[in-house]
Amino acid sequence: MIKNLVIVESPAKAKTIEKFLGEDFVVKSSYGHIRDLSDNGLGIDLNNNFEPDYQISADKEKVVAELKKLSKDAQEVWLATDEDREGEAISWHLAKALGLNIDSTKRIVFHEITKPAILKAIQNPRKIDQNLVNAQQARRVLDRLVGFELSPVLWKKVKPSLSAGRVQSVAVKLIVEREREINSFNTASSFKVTADFHPIDEKTNQIQAAVLKAELPERFKTQEQAEEFLKSCIDSNFKILDIEVKPGYKSPSAPFTTSTLQQEASRKLGYSVTRTMQVAQKLYEAGHITYMRTDSVNLSETAVEDIKKQVISHYGPNYSNPKKYANKNESAQEAHEAIRPTYISIPSAGEDDSEKRLYDLIWKRTIASQMSNAILEKTNVKIEISKNKNHQFQAFGEVLKFDGFLKVYLESKDDETEDEDVKGMLPPLSVGQNLDKMDIQAIERFSRPPARYSEAALVKKLEELGIGRPSTYAPTITTVQKRQYVEKSELEGHERKFQALTLKKNNQLDVQTQTEITGKDKGKLVPTNIGMVVNDFLDANFSQIMDYNFTASVEKQFDNIADGTQVWKEMIGSFYLPFHQTVDDTLKNSERAKGERLLGVDPKSGDNIYAKMGRYGAMIQIGELTDDGPKPKYAKIRSGQFLETITLEDALELFKLPKELGEMEDQKILVNIGRFGPYVQVGKEFFSLPKGEDPYELKLDRALEIILEKREDKLSKLIQDLEFDGKPLQILKGRFGPYISWNKLNVTLPKDVDPNTISLEECVKLIDAKKANPTVKKGKFGKAAPKTDDAAAPKKAAPKKTTTKKATTKASPKPKKK
DNA sequence: CAGTGAGCGAGCTTCCGCTTGACTT
């Protein structure tokens, strides 16, 4: 018999709260949502005013059963899920699933896990807020409708198994549009002028050792203009025209939210967003940090107080500046605190290096957020050029007068500024002072296209648009890559020439052509061909969903539902009817989307050459498919090439394979690209090219090398070479020990059998046994279902939702035995 | 595994947001 049962969402939270509440309270966790729309079909009754069909999620049946038992036993049940839309819905679903009274069950909320906050919550229970629950139902139903109506359109009009959704499709759109901005970017070059001077002592006229670095605020468009300017410096005198000193300051950043933590961990530690979340989860479970999925920058009062003490004792009272940060983001729901160390007095925590580094980052950011501004003194110096009054050099100086929070932490920036102006201390200077010129340089610089999104930069953008939630940022990025809409870039870059003009101290003008590497980009998000085709199709037909403001506008309506000023089913109705009409129209009227583009004409045959999507990916086609004419020729596009940018020359290049390299053992050596990548072929033997090797560049010697190497590899794995039923039967060394390979069937040998002496009869027995009882492949990742299971596989009783009708038709097995 | 790109049809795929483990190969 228990007095009080409290249900929260996270088990780690349950443990902490149980300690605060004492022995009259048992605290359990629901592990997030426990019910969801049925996954058998749409899960929404369109004929009954969008009535949702909820079911207990398969992996939650155990939890629900346990909670049900405990709640029957308890005198009082307290629903303490998070204080936001989803949390309210979880409470409601719990009440429904556990059979609790919706009107009398106590609902409590807190958004920080501190003893006073919990005790206060217990003092102030309320009822489940049905309006807020309805707002969540609207959100859920809308997402299901959008996802489950759009995806099938893609299956029919683009390719099977694709997906679309309110969040993922817009994420892909951002990446596609950015890539197009880069493609259409016109690089312009201009000349940036920098100069070094020595100050001259006003009394003694001595040239001093100190160096003053200056630059011209304007840039020159042409080399001629730059040269002309440099020449005007030859006989000029230089002197200080003006010195302006201004105070400045820098403020610390707010404590971490999920999104800012992902960004900083990416910039400072090089973690992917998934890695950041995994490491943070570990720290959270160990009790080192507060909850890591949050959109709030708020710190609890006790935390602010603790941090203040920590700052004063470590750095002194001058460094302390306790303050509250306001959330910039309108869509924030602030159910939790910001991400901070649970105990700020512990400066280091974590099991391994990656945990320690992330904790360190969180600790510093948290401390810094409650510290004083850094105070700077900024100096701007103007330098006169006696023979060229149209221009003035400028020098910038920055002196840190008080470091403040910079003692602990400085936020990084996304764009590594190319020629960052070195702002340091300036030498002592005075107005009217003469300067001695050293080298003056005019270097050609190129304008840069916008940067591709990194994972974390995409998260930042999505958050700004109010799209997605802290718990979904990392999964969304995984999804768009899993669907192969987006890839991580691996661009090597190429050389580019630029001009460097130097006016030497001796007034000689030196002109040099130098080279730099440009266009190198690794690990950034790049759209694939299929990503672009799907994006364009959705954008053309479903502009409402693809609008960056779509989420914001439905969020406004969800807010109205939460306020009780809008009825959720009416909101869904007014969205769904026109939306569904568009789906129908698109299915009926739109062409299959292939991203087809006419590249030009084949110089050999005179046929048209197209770039387009085929069943097996992006390809180039020469000639048209007609009823009677010759078949078109096809070639697969190479990775890194795009349907929308590939040139005719590059396309023709693709048809240079298959290529004959020479002969060996009276057979031709061919090189080609197959379904599984590039390979070399001799007779009936195939050899995959090692990764990174270019089949177009492959030479005969290297091909022979590869062939011999691979043959040796195979030989070293061969233990016995036998024959059975007219087909070779081999005993091979494999990753999981010795195995039999025969007729595309692999059988691992039992441990007690010697692979060197096993007889053919024994092998056949093992093969027959395997055929009679093949191991069942289960597991949800089993995308690559083996196609060769000819022996009737006793499929495990179909997991869910196989209607009886389907089951009976399936139950009569089609014997395909040979 | 290895020169696919036609068409038909059955049966499958799919969303977003809450939470953690249990699983591969």
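Sequence lines set the chain letters: A, B, ... in the order given, protein chains first and strands last, and positions in each chain run from 1.
- Remark: A/Tyr473 is not in phosphate contact with B/dG17, judged by side-chain N or O atoms under 4.0 Å from OP1 or OP2.
- At the heavy-atom level, A/Ser163 lies under 4.0 Å from the strands shown only through sugar-phosphate atoms.
- Look at A/Trp155 and the base of B/dT14; the rings do not stack under the cut-offs of 5.5 Å between centres and 30° between planes.
- Applying a 4.0 Å cut-off to non-hydrogen atoms, the residues of residues 136-148 of chain A that approach DNA chain B are A/Arg139, A/Arg140, A/Asp143, A/Arg144, A/Gly147, A/Phe148, listed by residue number.
- To the nearest angstrom, P of B/dT14 lies 17 Å from CG of A/Leu37.
- Atom CD in A/Gln681 sits about 14 Å away from atom P in B/dC1, given to the nearest Å.
- One interatomic measurement links the two molecules: CD of A/Gln484 to P of B/dT13, which rounds to 18 Å at whole-angstrom precision.
- Contact annotation for A/Gly87: no contact, since no heavy-atom pair falls under 4.0 Å across all strands.
- With DNA chain B read from its 5' end, the first of the two nearest nucleotides for A/Thr476 and A/Asn672 is the one closest to A/Asn672.
- Rounding to whole angstrom units, OH of residue A/Tyr54 and P of B/dC16 are separated by 17 Å.
- Aromatic pair A/Tyr679/A/Phe687: ring centres not closer than 6.0 Å.
- When the options A/Thr81, A/Asp82, A/Asp129 are evaluated for a side chain to side chain donor-acceptor pair (under 3.5 Å) with A/Ser91, the one that passes is A/Thr81.
- Among residues two or more places apart in sequence or in another chain, the ring-ring contact (aromatic ring centres under 6.0 Å, His included) test is passed with A/Tyr485 by none.
- Residue A/Leu162 is classed as a sugar-phosphate contact, given heavy-atom separations below 4.0 Å to backbone atoms only.
- When the C1' atom of B/dC15 is taken as reference, atom CG of A/Asn40 falls 16 Å away, rounded to whole Å.
- Between the side chains of A/Arg483 and A/Ser163, at least one donor N or O sits under 3.5 Å from an acceptor N or O.
- As judged by a 4.0 angstrom heavy-atom cut-off over every strand, A/Gln168 is placed among residues touching the sugar-phosphate backbone only.
- Proximity of a side-chain donor or acceptor of A/Ser151 to a complementary backbone N or O of A/Phe148 within less than 3.5 Å is not detected.
- Relative to the six-membered ring of A/Tyr548, A/Lys173 meets both conditions, a distance below 6.0 Å and an angle of at most 45° to the axis.
- Looking at heavy-atom distances under 4.0 Å, A/Arg483 makes contact with sugar-phosphate atoms alone, never a base.
- Counting non-hydrogen atoms of other residues, nucleotides and ligands closer than 6.0 Å to CD of A/Gln484 gives a total of 12 or fewer.
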Which atoms of nucleotides 6-8 of chain B (N or O only) lie under 3.5 Å from a protein N or O atom, and what are those distances?
residue : atom : partner  : partner atom : Å
B/dA6   : OP1  : A/Tyr634 : OH           : 3.3

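- Under the 3.5 Å distance criterion, with hydrogens and angles disregarded, no donor-acceptor pair is assigned to the side chains of A/Glu337 and A/His111.
- Between A/Tyr576 and A/Phe50, the angle of the ring planes goes over 60°, which puts this pair in the perpendicular group of the 30/60° scheme.
- For CD of A/Glu596, the number of neighbouring non-hydrogen atoms (other residues, nucleotides, ligands) closer than 6.0 Å is greater than 12.
- Rounded to whole Å, atom P of B/dG17 lies 8 Å from atom CD of A/Glu555.
- Residue A/Gly617 is in base contact, counting any heavy-atom pair closer than 4.0 Å across all strands shown.
- In terms of modelled atom types and a separation under 3.5 Å, the side chain of A/Gln641 and the main chain of A/Arg638 share a donor-acceptor contact.
- Rounded to whole angstrom, the span from the NZ atom of A/Lys482 across to the C1' atom of B/dT14 amounts to 12 Å.
- Residues A/Ile620 and A/Tyr610 have side chains not in contact (no heavy-atom distance under 4.5 Å, counting atoms from C-beta outward).
- Evaluation of the side chain to side chain donor-acceptor pair (under 3.5 Å) rule for A/Gln137 yields A/Tyr54, A/Asn134 as partners, not counting sequence neighbours.
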Distances for protein N/O vs nucleotides 18-20 of chain B N/O pairs under 3.5 angstrom?
residue : atom : partner  : partner atom : Å
B/dC18  : OP1  : A/Arg469 : NE           : 3.3
B/dC18  : OP2  : A/Ser471 : OG           : 2.8
B/dC18  : O3'  : A/Glu9   : OE1          : 3.3
B/dC18  : O2   : A/His33  : N            : 2.5
B/dT19  : OP1  : A/Tyr291 : OH           : 2.4
B/dT19  : OP2  : A/Tyr291 : OH           : 2.7
B/dT19  : OP2  : A/Arg293 : NE           : 2.9
B/dT19  : O5'  : A/Tyr291 : OH           : 3.3
B/dT19  : O4'  : A/Gly32  : N            : 3.4
B/dT20  : OP1  : A/Ser10  : OG           : 2.5
B/dT20  : OP2  : A/Gln281 : NE2          : 3.2
B/dT20  : OP2  : A/Arg293 : NH2          : 2.8

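- If you check every strand for non-hydrogen atoms under 4.0 Å, A/Ala89 touches nothing.
- As rounded to whole Å, 10 Å separates atom P of B/dG21 from atom NZ of A/Lys282.
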In dot-bracket notation, what is the pairing pattern of DNA chain B, taking Watson-Crick (N1-N3 plus N6-O4 or O6-N4) and G-U wobble (N1-O2 and O6-N3) contacts under 3.5 Å, with [ ] crossing and | for other strands? .........................

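- Donor-acceptor pairing under 3.5 Å is lacking for the side chains of A/Lys633 and A/Gln621.
- Residue A/Glu660 places its CD atom among more than 12 non-hydrogen atoms of other residues, nucleotides or ligands, all under 6.0 Å distant.
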